[in-house]
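What follows is a single structure, written as structure tokens, with notes after it.
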Amino acid sequence: MAVLRSVLGSLVGVYCCSQLAAAYVVGNPVSLPGYQHVFPNPARVDVLPPKFQPADEQQQQQPAEPLVPNGLEDWIKDQRKTSMRFLLENIAPNGSNARGAAPGSVIASPSKDAPNYYYQWVRDAAITMAEVVAEYGETKDESLKAIIEDYAKLQDSIQNTFNPSGGYTTGGLGEPKFMIDGAPFTENWGRPQRDGPALRALTLMNYVRMLNETDPSLISHDWLRKLYDGKFPTRSVIKADLEYISHSWNLTGFDLWEEVKDLHFYTALVQHKALVEGRELAVVLGDSAAGVWYESQRHELRKFLTTSFWNKERGHLVAYLDTRYRSGIDCSLLLASLHGSQEDLFPPWSDEILASLAVLVADMAERHPINKQTPPFYPEGRLRGVGIGRYPEDRYDGVGLGEGNPWFLCTSSVSNILYNTIERFLEQGYFDINDMNLGFYQRLHPTGNAVTGRYTAGQPEFKNYLTDMFKYADSFLNVIRWHATPEGRLSEQFNKYSGWQRGAKDLTWSYGSFTSAADDREVAKKALVRGMAVAA
């Protein structure tokens, strides 16, 4: 399927976009009343040698046993700090692994050979900078703000760089990766990839929103119009991405794994969220015609999402619309929910996401021999986490085509989904077990005999399910603990047989995904403690 026709195509290019409101005086602070979050979403007692596998897997020397704090709780807190530190080392201009890169560049990994990841991907950079924005929101560290500002400037330059996907208005925004100095990557690649503009827009809109909520004095007209100018044609970063999304969401492209050309659940969901938040920003800034257009395309995209990706026969979502040689079960389904869901559209606690998580985990538990071993540190065998790979048919081994392995970012994404789910269920005071999600709850039930129905905060089962869900979420972070190096370094993958780390070293996305999971864990833990205290 090459193109899905939009029934609202007649609106393409019809704009009478207003200028920014007259109150936004050049050089003066700009207040954005009413601009709030649509759906914030925003990762030892016994010690075994950690596993680190170089690319060639030859002459491996077993590292010394690490000196680590006792207990998973302490390790997660320490690893969260370590992950943020290693993440920042991969961002120019101050990161030790990004020397010589253009300021604001986020290198995917310092690995330059087998594999060479010494580039900046639009997608990876946006996901990483979302974590930096969140960190700045918590700490108000001015060095982090400087990084975000450098990133925004570089993205403006990259958008205007002609590349193999095209120019500024001819498809170039779908180019997936660039050299570290911002120059185009001109070799053969899986292009276009249409998730990058959506993720970049979401990160920068979140930054604008956060500044508006915490310190509006930092927002001036000149600063804001570089991000969103309310004009058509536009010369601003966020609006350019929104125009690209709204005119191309129904076109095929390559997935986030850069392998399959199709229409993808992950891409569609992050595009939908970008249009939701883009419409909100457009309305606040008086760009009413654009707001109407973004809303019309969001409406069509939502219909596409809700009717295209659930496979009733298989009992899970499928990651690709028309790729018949794959099952469709994929870690990207979880990542899509984490990066692009709305409260009423495939959030982490939705039946579809929990059902898909259960199928993915069950497959990976049997697929990778390392998952047959009992991880150290974690005593609860019934709720034991496993290493999660990208998808069952994966053949990328971190260097070339062989056998797929578990990935750190996929493993932490399971924890992240579960922590979000716990927080939501405690907030609403109930959850439902039904035929669609029953397989997920069977895992949590002590005898595997979960019963359908509604469970509310006053029932013992409510407490038991959520407590076990928290233990289960922690067990996946414990898998990461098992395979991390003594210094807390995380590569891309760990070998499915030996457990030694493999693939690109110090993968930026591995650190960002752990940071996100650890942050959501803190929120879920506090909510769980409060909820259990009230129940008692």
Side-chain angles (χ1 to χ4, degrees), residues 43-55 60-91 94-98 106-111 117 124 127-128 131-132 134-135 138-139 141 144 370 375-378 385-388 398 405-416 419 473-495 498-522 525:
R44 313 182 187 193
V45 178
D46 297 314
V47 177
L48 291 187
K51 304 181 183 304
F52 182 78
Q53 179 65 44
Q60 172 67 34
Q61 294 184 354
Q62 182 168 292
E65 292 187 358
L67 295 175
V68 296
N70 288 334
L72 183 62
E73 183 84 25
D74 290 337
W75 179 83
I76 291 173
K77 291 179 179 179
D78 286 347
Q79 183 63 37
R80 197 272 179 206
K81 296 176 184 177
T82 298
S83 292
M84 180 55 66
R85 176 164 55 87
F86 287 152
L87 179 151
L88 293 174
E89 286 184 0
N90 288 348
I91 304 177
N94 299 320
S96 60
N97 292 327
V106 180
I107 63 168
S109 160
S111 178
Y117 278 26
D124 296 39
I127 293 170
T128 299
E131 292 302 312
V132 177
E135 187 76 355
E138 289 294 320
T139 66
D141 185 336
L144 298 178
I370 190 65
F377 318 125
Y378 205 74
V386 295
I388 304 298
N405 299 303
W407 284 45
F408 285 105
L409 70 91
C410 290
T411 304
S412 61
S413 72
V414 175
S415 298
N416 216 338
Y419 295 135
D474 272 2
S475 73
F476 288 89
L477 295 189
N478 181 65
V479 171
I480 295 176
R481 180 187 184 187
W482 182 19
H483 299 293
T485 71
E487 301 84 9
R489 295 190 180 276
L490 305 175
S491 65
E492 179 184 64
Q493 311 175 22
F494 50 95
N495 186 277
S498 67
W500 298 105
Q501 290 194 19
R502 183 167 177 81
K505 63 182 180 181
D506 289 314
L507 190 74
T508 312
W509 196 349
S510 293
Y511 294 128
S513 63
F514 185 90
T515 299
S516 177
D519 289 346
D520 284 347
R521 180 184 187 272
E522 276 299 300
K525 179 185 173 185

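At least one side-chain heavy atom of P110 sits under 4.5 Å from a side-chain heavy atom of K505. Using a 4.5 Å heavy-atom threshold, the side chains of H483 and Q493 count as separate.
Here the straight-line distance linking atom CG of N478 with atom CD1 of I480 works out to 9.5 Å at 0.5 Å rounding. Of the inter-residue distances, the one linking M84 atom CE with Q79 atom CD reads 12.0 Å to the nearest 0.5 angstrom. Within the model, atoms CG of L490 and CH2 of W407 stand 13.5 Å from one another, a figure rounded to the nearest 0.5 Å. Expressed to the nearest 0.5 Å, how far CG of L72 lies from CZ of R521 amounts to 6.0 Å. The OH atom of Y117 lies 13.5 Å from the CD1 atom of I107; values are rounded to the nearest 0.5 Å. In this structure, OG1 on T82 lies 9.5 Å from CZ on R489, to the nearest 0.5 angstrom.
Side chain of N90 to backbone of D506: a donor-acceptor contact under 3.5 angstrom is found. Using modelled atom types, no side-chain atom of S516 and backbone atom of G512 make a donor-acceptor pair closer than 3.5 Å. Using a distance-only test at 3.5 Å, with no hydrogens or angles considered, a donor-acceptor pair links the side chain of S415 to the main chain of A473. The backbone N or O of I388 lies less than 3.5 Å from a partner atom in the side chain of T411, making a donor-acceptor pair.
P375 approaches W482 most closely through the heavy-atom pair CB-CE3, 3.6 Å. Summarising the geometry of A517 relative to L477, their closest heavy-atom pair is CB-CD2, 4.2 Å, with the distance given to 0.1 Å. Heavy atoms only, all atoms of each residue included: E492 and G503 are closest at OE1-CA, 4.1 Å. When all heavy atoms of P406 and I370 are compared, the closest pair comes out as CG-CG2, 4.3 Å. Nearest heavy atom pair, residue G488 against residue A484, reads CA-CB, 4.5 Å. Closest of all the heavy-atom pairs between F408 and S510 is CB-OG, 3.9 Å.
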Practice task
Go through the steps for L88 and V132 under the test side chain to side chain contact (heavy atoms under 4.5 Å, CB included), then give the verdict.
Solution key: CA-CA 8 Å; L88 293 174; V132 177; 4.3 Å; yes

Handout entry: Pair D124-T508, side chain to side chain contact (heavy atoms under 4.5 Å, CB included): steps then yes or no
Key = CA-CA 8 Å; D124 296 39; T508 312; over 6 Å; no

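Using bins of under 30°, 30° to 60° and over 60° for the plane-to-plane angle, the ring pair Y511/F86 lands in the tilted bin.
The existence of a salt bridge linking R80 and E135 is confirmed by a sub-4.0 Å separation between a basic side-chain nitrogen and an acidic carboxylate oxygen.
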